[in-house]
Every structure is written in structure tokens, then in C-alpha cells.
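Notes follow the structure.
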Protein chains: 2
Amino acid sequence: MPRHPRIPDAGVTRLSLYLRELSRLEGEGASFVSSAELARALTLTSAQVRRDLSYFGQFGTSGRGYEIRRLKRIIPRILGLEGRMWRVALVGSGNLGSALLAYRGFRERGFVIKAVFDKDPRKVGRVVAGQRVEEAGWLADVVRGRRIQIGIIAVPAVAAQEVCRRLVRGGVRAILNFAPVSLAAPPHVKLRNVDLSVELESLSYYLSSLNANR
Amino acid sequence: MPRHPRIPDAGVTRLSLYLRELSRLEGEGASFVSSAELARALTLTSAQVRRDLSYFGQFGTSGRGYEIRRLKRIIPRILGLEGRMWRVALVGSGNLGSALLAYRGFRERGFVIKAVFDKDPRKVGRVVAGQRVEEAGWLADVVRGRRIQIGIIAVPAVAAQEVCRRLVRGGVRAILNFAPVSLAAPPHVKLRNVDLSVELESLSYYLSSLNANR
DNA sequence: GCCAGGTTGTGAATTTTTTCACAAACTTAC
DNA sequence: GTAAGTTTGTGAAAAAATTCACAACCTGGC
Ligand SMILES: NC(=O)c1ccc[n+]([C@@H]2O[C@H](COP(=O)([O-])OP(=O)(O)OC[C@H]3O[C@@H](n4cnc5c(N)ncnc54)[C@H](O)[C@@H]3O)[C@@H](O)[C@H]2O)c1
Ligand SMILES: NC(=O)c1ccc[n+]([C@@H]2O[C@H](COP(=O)([O-])OP(=O)(O)OC[C@H]3O[C@@H](n4cnc5c(N)ncnc54)[C@H](O)[C@@H]3O)[C@@H](O)[C@H]2O)c1
């Protein structure tokens, strides 16, 4: 199987968005979609859509656009979602962790939570959304034992680096971090941060009347 | 007061990260920080740090670096966080909405939730984290009446566009959207999306062995 | 006052990402 | 079969973002 070319980071994100949009279009009964339509729905340019897809092959038909069913098979393949479930560990079953755990959308997209950890003895043993919360002490061993590949960190900032270390020790190769700290991890581990305060602050920047740009 | 220059979108995000990091450094007793240190902590380059800051003025001292207390006053000013609280409406008090509502971090960063809406009669009237959940029917009027500037959408995807419309009608000028749909809003409204499935899928892309790049 | 060491701010160069623009390809209608 | 109308895929151009690299500057020691 061919090695994929270098696509911009933002391009990978857009592939996911195309996939989401394709499902919606299919639900509406459409069978083909043009780059222009897709672009309009996602506020991009049609050239961008075509370029993103062209990194991976030629999937369109001149004069018709892209066959939705075809793209819906191809994009998951590109994203590494085809015919598999990624095994995920969630660390921290507090407010945010519980919301993530209850969310059914992840499974539909190919991610299944195989372990939930907390260090609070009052939470350990509880069953949340069908998952038993486990003692964080054995995190690394459990993660390794269950062949978990992705970790989600939803613990307070002070604990996040230590949790990250344990996840890495357990062998995960990717981490989604919700704690507002910058984590250090070895280069073979892909880190991704979601910081909601940062998102709001960015809105603030654009709101504040001084920055009337855009 | 001078109009700010055009800084890359990612640069705005980094300003928030600098601010976060500065608080940490201050907590450790530091009083100056160099661009190289800041860069190391956030896995950026020192040139990038200097460039980002230089868009807004000259805040450093050759040979010493940046005075932490000074930067901690200046960055909030740039981000529009100085001496004010942004008034926020949260729509949807389900799993995710409740987690957001309970989060104390937003207030510390200058965002205060002034209204919470839900359309489920069983949820309306409940008090979550000190906030009474209100009937979503009057959303636009309430938002306008309380002079709310930012909306957070935490409702199911199918309801998100309608909620967006109402928020806009109520006069918000920025929206943080958690629903996995692409929203349409007038150009004066700044939209920002957080799609956690997209984040996971991006991790999947980098994990999947076909993409050994990076 | 001078020197050694360290760091900024920023033009210029480079790299990355996006957009333009059009030949080639396909579709539909007649 | 042909013509009119679409839309792709992609070189080439443009724009945007990042990095290089260094003069200028500041500090602290002596
Ligand atoms: N709740 C939100 O909406 C929100 C918003 C933005 C950011 N965040 C961030 O997400 C993270 C979690 O937030 P939350 O609101 O769920 O906090 P929370 O306090 O409700 O939950 C944190 C959970 O982590 C557990 N924990 C602490 N240390 C641990 C460890 N070493 N190992 C395992 N578990 C441990 C705690 O027992 C608790 O159950 C925090 O870093 C927070 O800053 C949350
Ligand atoms: N929970 C998560 O971890 C998670 C993760 C990723 C994405 N999301 C997205 O975030 C959104 C919320 O997720 P959730 O898990 O909290 O869902 P949820 O079903 O727990 O909560 C949704 C809430 O919105 C309310 N609601 C529905 N229509 C409404 C309307 N028109 N006006 C006002 N309120 C309305 C419902 O009554 C409910 O209380 C969804 O779009 C979901 O896809 C959630």
C-alpha cells in the first residue's frame, strides 16, 4: 500500500469535515457532490477541496463531481478508520470525562473507550455509561494489557503531565489532552490539545473592537 | 488606541498559550522569561514567539528577555480580556453543557455564563452549578436583554443551526460550537468550532502506519 | 568604561499553504 | 455525433506563515 504524501495539518482536519458533510448529503438523498458544493457547506474554496483530495488520488468525475458513496469509503481509508476500532483510554472521570464517556458519537466514528481511570477512591468502582471506573495506579499496565492506542486526558492541569507519562509508558501512541498545560512526550507520540479557554480567548480577540479585521 | 495589525489566526491562539505559560512561570517564582524558554515549553521556535509579540509592540529587553508581569498585563489587553468580563450564553445543558457549566476556569479567564438554555421541560428550572436552566423558547430576547456577547452551542447537531440563528438574532457576535455540523452565520459573527471526533480522527491519521510522516 | 555573554526585533529568505486559471474529461440533450 | 455546459486535477502564481540570521542592545562583572 502506498505511503501517503505530505498533506497540510489543516488538510487532515478538513478530510474529517468532508466525511461528516458527506454523511449529511447522503442522508439528503444526494449521490454526487461537486467540490463547489462541499466548499460552500464548509466555507472553503472549491480549489481547496479538490487539492486536499488530490493528494491521495483522483476520485472525481469531470462534469459530475465526486460520488458520495465512493468518497465515504475512501476518506476513512485515508484517515486510518477503515475496518477497525481504535482502542481508547479515558483518564479522569470528572465533569468533562463523564460527558466524553457518555458520548455515543465516538463509537460511531471508530473509537471505543476500553478503560476509564480516576484516582479518587469515591469514583473508582462506579459504573458510568456502562464502563467501570478503574484505579489509576495501574494505568500503564492496564493500557498495555488491553492494547490501547489512544489516551484522553481529562484530569486537572497539575496531574496531566504525570498521566501523560503513564499513558506513554503503557504504550499509547497518541494523546488528546484537555488539560490547560503544555505536555512533554516523546516524538513518536502524537499529541493534540483542546483548550476551551484558548478558544474563547480567541473569540475575545476578534470581538474586541480594536481588531475589526475579518 | 491603535488598530492591531494582521496576525495569523494561529498566532492569536499562541498568545493565549503564552499567557497560560506565563502564569505557570510566575508561580514558579520567575520574573523574566526569554523567547527561547517560552518556545521550549510550548514546542515552538523562539523566532515565532518573538514574531508573535512583535506584531503588537516591543515588550522585551535585549539580554534579559520578557518581564513576566509586564507581558501578563499586555497580552490580556491584546486579547480583549482586560478589565472586563465577557457575557456568555450556554445552550444545551446535557452532558457536555453541564460539564462546561461546572467548569470554574472560564470565569478566571474573563468569561461568565449569564444564561443557560434547554428545551427539555425536565431540565428547565433545574439549577446546575448555581445557574437556573431556562426555557429555550425566549432565547433571543433573553440574550439581548442581558447583553450577552458570546454563545456556546452544546445541543445535538440537528438543533444547532436553529440555535445559532436565535443566538444571532439575540445579538451575539461570537459563537463557540460543539455540535458536529457546519453552521451558517452572518459575516459579522465570528464562529469557532470544536469537533472532538475530528480531533480523534486526526490522531488516527497520524497513527495509522501508512502515514509515518512526522 | 569596557568587555563578554546573552537576547531582542526584524529585514530577508525560505517554506508552506492557498488560490488562480485552464486544458482535459465527462455528461446531457437533441 | 455533436455541441453546450459542467467539473475535475493540477501546473503555476500568489499569499501567508515560519525560520534564518544578525545588527543592535542590555546586563553584569571587573
Ligand atoms: N469541565 C469543562 O468544561 C472543562 C473545560 C475546559 C477545560 N477543562 C479541563 O479538563 C480537565 C478536566 O476537567 P473537569 O471539569 O472534568 O475536572 P474535574 O475536577 O471534574 O475532574 C477531574 C477528575 O480527574 C481525577 N483525577 C485527578 N488526578 C488524577 C490522576 N492523577 N489520575 C486519574 N484521575 C485523576 C479527579 O478525581 C476527577 O475525577 C481539567 O484539566 C480542566 O481544566 C474542563
Ligand atoms: N458529550 C460529549 O462528550 C460530546 C463530544 C463531542 C461532541 N459533542 C457534541 O456536543 C453536543 C452536545 O452533546 P451532549 O453529549 O451534551 O448531548 P446531550 O444530548 O447530553 O445534551 C443536549 C442537550 O441539548 C438540549 N437541546 C436539544 N435541542 C435543543 C434546542 N433546540 N434548544 C435548547 N436545548 C436543546 C437537550 O434537551 C439536551 O439537554 C452534541 O452536538 C454532540 O454531538 C458532545
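Numbers restart at 1 for each chain; the letters A, B, ... are given by sequence-line order, proteins then strands. On a predicted model such as this, the values are computed, not experimentally measured, just so you know.
The phosphate of D:dT6 (OP1 or OP2) has no side-chain N or O of A:Tyr66 nearer than 4.0 angstrom. The phosphate of C:dT10 has OP1 or OP2 within less than 4.0 Å of a side-chain N or O from B:Gln58.
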For nucleotides 14-25 of chain C, just jot down a letter per nucleotide in 5' to 3' order: B, S or -, based on protein non-hydrogen atoms under 4.0 Å. ---SSB-B---B
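The heavy-atom pair separating B:Asp52 from B:Gly11 by the smallest distance is OD1-CA, 4.1 Å. Heavy-atom minimum distance, B:Ala157 versus B:Ala179: CA-CB, 4.0 Å.
Summarising the geometry, the separation between CZ on B:Arg70 and P on D:dC26 is reported as 13 Å, rounded to the nearest angstrom. Put simply, CD1 on A:Ile74 is 14 Å from C1' on D:dT8, counting in whole angstrom units. Between A:Arg40 atom CZ and D:dT7 atom C1' there is a gap of 13 Å when expressed in whole angstrom units. As rounded to whole Å, 13 Å separates atom C1' of D:dT7 from atom CG of A:Leu53. The distance from atom CZ of A:Arg64 to atom C1' of D:dG5 is 14 Å, rounded to the nearest whole Å. Atom CD in A:Glu67 sits roughly 15 Å away from atom P in C:dC26 (whole-Å rounding). Rounded to a whole Å, the CD atom of A:Glu37 is 12 Å from the C1' atom of D:dT6. The distance from atom CZ of B:Phe56 to atom C1' of C:dT8 is 18 Å, rounded to the nearest whole Å.
A donor-acceptor contact closer than 3.5 angstrom is absent between the side chains of B:Ser197 and A:Arg109.
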Mind running side-chain hydrogen bond (donor to acceptor under 3.5 Å, both in side chains) on B:Ser16 and B:Arg20 for me, showing each step along the way? CA-CA 6 Å; B:Ser16 284; B:Arg20 207 180 68 182; over 6 Å; no
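Summarising the local packing, CZ of B:Arg24 is surrounded by more than 12 heavy atoms from other residues, nucleotides or ligands at distances under 6.0 Å.
Looking at B:Arg69 and B:Glu26, no side-chain N of the basic residue comes within less than 4.0 Å of a carboxylate O on the acidic one, giving no salt bridge.
As judged by a 4.0 angstrom heavy-atom cut-off over every strand, A:Ser35 is placed among residues touching the sugar-phosphate backbone only.
In this structure B:Arg146 satisfies the salt bridge (charged side-chain N to carboxylate O under 4.0 Å, His left out) test together with B:Glu134, sequence neighbours excluded.
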